[in-house]
Trainee: 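Here it is: the structure, laid out below.
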Amino acid sequence: MAGIVIDGIRKSFGAVHALEEVNLAVADGEFVALLGPSGCGKTTLLRIVAGLETRSGGRVTIGTRDVSDLPPRERGLAMVFQNYAVFPHMTVFENIAFGLRMAKADRARIDAQVARAAGLMHIEHLLGRYPGQLSGGQRQRVAVARALAVEPAVLLMDEPLSNLDALLRMEMRAELKAVLREAGTTTIYVTHDQTEAMGLADRIAVMHGGRIEQIAPPMEVYRTPATTFVGGFVGAPPMNFVKTLAADGKVRLGGLELPCPIASGEILLGLRAEDLAPVGADSGFPFAVRVVEPLGAHILLTGETAGQTLRVVLPPEHEPRAGQTVHLAPIAGRWRWMAADSGKAIAT
């Protein structure tokens with residue numbers, strides 16, 4: 001296996017800057033997810049690592065080799081695409097064996113590697129079938145098995161589960177995590193789905209506007225977002241940001257008083273929906289409930305405080321009515337201060 005170093009990668013399409021000085025180091029055997037909305041540059045970055053897209057600047061190193069100018073076949077990697085890309089005229093066995101045959105592996109190695117990869121993906125009983133006889137989930141397993149069979153130093157995955165239904169995505173997510181942990185393959189995984197990124201990755205690189213805004217383990221990204229964009233993009237519902245004024249190093253909301261990291265001026269108070277709890281009127285801020293959504297294990301409330309919309313998650317035993325005003329306060333230590341002008345987190 002091998003680590004990956006992305007050093008100052010830039011990409012421009014004419015006057016449009018798709019990537020701006022992206023730096024990322026992926027350790028040997030690590031699983032890193034590139035997470036972000038459409039157009040943020042995550043797939044462009046993955047294709048540059050794969051050699052399918054030219055870079056405007058910077059370099060890519062895999063292991064000890066600078067592969068920046070090498071063609072894809074010489075980079076020692078495999079790629080799994082969103083649309084499966086299996087060969088319809090080949091059996092499952094032939095699809096999985098394709099990369100090994102292109103590398104002129106001997107028959108014994110082909111048989112052994114196909115059997116191992118098919119076993120990892122639980123499709124050994126499908127080896128004699130053609131893709132037209134398989135479900136979408138089975139075809140995606142074939143695509144992953146084909147990539148694993150060649151024992152790549154690096155595995156690149158471009159939204160491989162997005163074409164599957166919700167239940168199948170959940171099943172494949174669990175299996176994929178177990179398989180890649182067993183294989184120990186260094187993996188970069190592109191997705192716009194925060195659930196996939198949170199559930200699969202050792203670290204998440206959140207991308208926005210051609211830059212990496214934050215890279216950290218999943219729960220660190222969730223709990224301590226580096227910017228308002230990260231806090232708003234990661235989490236369902238997204239993090240609440242209450243615009244308020246600091247005075248004498250404190251923020252006051254209703255009966256709530258919190259110490260803050262600036263002496264005075266405008267500041268954003270970041271609050272996760274599940275980190276708010278009902279309290280008495282003298283120790284919390286008023287929250288006017290507009291919508292109540294019972295969701296089984298919890299209820300989701302949408303309402304307003306200080307003229308701003310908030311979303312709050314409470315246990316099902318707390319179910320206020322729409323139109324009612326309740327008082328809330330954050331759980332101790334479970335808030336995040338952000339600069340009102342830049343949207344960046346303020347150290348406390």
Side-chain angles (χ1 to χ4, degrees), residues 1-6 9 24-35 42-53 60-65 67 70-86 95-103 105 109 112-123 137 139-164 169 172-193 196-197 199-205 207 215 218:
M1 304 307 165
I4 308 165
V5 176
I6 296 167
I9 287 295
L24 174 64
V26 183
D28 185 7
E30 188 179 24
F31 189 125
V32 169
L34 301 180
L35 174 66
K42 57 188 185 296
T43 294
T44 300
L45 181 60
L46 192 79
R47 289 174 61 84
I48 288 172
V49 174
L52 300 175
E53 186 73 66
V60 177
T61 304
I62 297 178
T64 58
R65 296 190 306 151
V67 301
L70 295 180
R73 66 179 180 275
E74 295 179 18
R75 297 193 179 200
L77 51 78
M79 191 162 180
V80 179
F81 297 91
Q82 178 179 349
N83 62 354
Y84 317 143
V86 293
N95 265 282
I96 297 174
F98 181 79
L100 293 164
R101 284 180 172 157
M102 291 299 97
R109 181 170 179 240
Q113 291 298 102
V114 169
R116 177 178 177 274
L120 284 172
M121 299 308 300
H122 306 295
I123 54 172
R139 291 179 199 174
Q140 193 59 281
R141 291 169 196 263
V142 173
V144 175
R146 180 177 59 194
L148 293 174
V150 297
E151 295 185 320
V154 169
L155 179 61
L156 308 179
M157 309 186 85
D158 188 7
E159 306 210 43
L161 308 183
S162 60
N163 286 342
L164 306 179
R169 272 204 309 274
M172 278 291 293
R173 200 165 61 231
E175 288 192 14
L176 192 58
K177 185 166 186 173
V179 164
L180 294 177
R181 180 180 288 118
E182 182 179 337
T185 306
T186 306
T187 305
I188 298 180
Y189 186 102
V190 162
T191 182
H192 66 274
D193 186 325
E196 284 183 15
L200 286 168
D202 299 315
R203 287 189 300 154
I204 299 173
M207 296 190 67
I215 178 160

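We number each residue from 1, following the sequence as shown.
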Trainee: Is a side-chain donor-acceptor pair under 3.5 Å present for Glu196 with Tyr189?
Mentor: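 The answer is yes; a qualifying pair exists.
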Trainee: List for me each residue that meets salt bridge (Lys or Arg N to Asp or Glu O under 4.0 Å) alongside Arg141, sequence neighbours excluded, and say none if there are none.
Mentor: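 By the salt bridge (Lys or Arg N to Asp or Glu O under 4.0 Å) rule, Arg141 matches Glu175.
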Trainee: Does CZ in Arg73 sit with more than 12 non-hydrogen atoms of other residues, nucleotides or ligands closer than 6.0 Å?
Mentor: no
Trainee: Just verifying a value: how many Å separate Glu159 CD and Thr43 OG1, rounded to the nearest 0.5 Å?
Mentor: 5.5 Å
Trainee: Roughly how far, to the nearest 0.5 Å, is CE of Met207 from NE2 of His192?
Mentor: 15.5 Å
Trainee: Measuring from Leu148:CG to Leu176:CG, what's the distance to the nearest 0.5 Å?
Mentor: 8.0 Å
Trainee: So, the side chain of Lys42 versus the backbone of Thr191: is there a donor-acceptor pair under 3.5 Å, distance only?
Mentor: no
Trainee: What distance do Leu35 atom CG and Leu200 atom CG have between them, rounded to the nearest 0.5 Å?
Mentor: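 Output value for this atom pair is 11.5 Å.
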Trainee: So, does Gln113 use its side chain to make a donor-acceptor pair with the main chain of Ala149 at under 3.5 Å?
Mentor: yes
Trainee: Give the intermediate values and the outcome of side chain to side chain contact (heavy atoms under 4.5 Å, CB included) for residues Val80 and Gln140.
Mentor: CA-CA 9 Å; Val80 179; Gln140 193 59 281; 3.7 Å; yes
Trainee: What heavy-atom pair brings Ala33 and Ala197 nearest, and what distance separates the two atoms?
Mentor: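 Between these two residues, the closest heavy atoms are CB-CB, 4.0 Å.
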Trainee: I'd like to check the side chain to side chain contact (heavy atoms under 4.5 Å, CB included) partners of Ala145; sequence neighbours left out, ordered by chain and number.
Mentor: Ile96, Ala117, Met121, Ile123
Trainee: Would a distance-only check, ignoring hydrogens and angles, find a side-chain to backbone donor-acceptor pair under 3.5 Å from Thr187 to Phe31?
Mentor: no
Trainee: How long is the gap from CG on Leu34 to CE on Met157, to the nearest 0.5 Å?
Mentor: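 One gets 13.0 Å once the value is rounded to the nearest 0.5 Å.
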Trainee: So, are Arg109 and Glu151 salt-bridged, with charged N and O less than 4.0 Å apart?
Mentor: yes
Trainee: What heavy-atom pair brings Pro72 and Gly51 nearest, and what distance separates the two atoms?
Mentor: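 Closest approach of Pro72 to Gly51: CG-O, 3.5 Å.
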Trainee: Of all the heavy-atom pairs spanning Arg146 and Val86, show the shortest one and how long it is.
Mentor: NH1-CA, 3.7 Å
Trainee: Do Leu156 and Leu77 pass the side chain to side chain contact (heavy atoms under 4.5 Å, CB included) test, and can you show the C-alpha distance, the side-chain angles, and the key distance before you say yes or no?
Mentor: CA-CA 7 Å; Leu156 308 179; Leu77 51 78; 4.1 Å; yes
Trainee: In this structure, which one of Val150, Leu180, Ile188 forms a side chain to side chain contact (heavy atoms under 4.5 Å, CB included) with Leu155?
Mentor: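 Single side chain to side chain contact (heavy atoms under 4.5 Å, CB included) partner of Leu155 among Val150, Leu180, Ile188: Leu180.
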Trainee: Between Val49 and Leu46, is the side chain to side chain contact (heavy atoms under 4.5 Å, CB included) condition met? List the steps.
Mentor: CA-CA 5 Å; Val49 174; Leu46 192 79; 5.5 Å; no
Trainee: I'd like to know if the side chain of Arg75 and the backbone of Leu70 have a donor-acceptor N/O pair within less than 3.5 Å.
Mentor: yes
Trainee: Can you measure from CZ (Arg181) to CG (Asp202) and round to the nearest 0.5 angstrom?
Mentor: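 Answer rounded to 0.5 Å: 7.5 Å.
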Trainee: Given side chain to side chain contact (heavy atoms under 4.5 Å, CB included), test Val154 with Ile4 step by step and report yes or no.
Mentor: CA-CA 8 Å; Val154 169; Ile4 308 165; 3.5 Å; yes
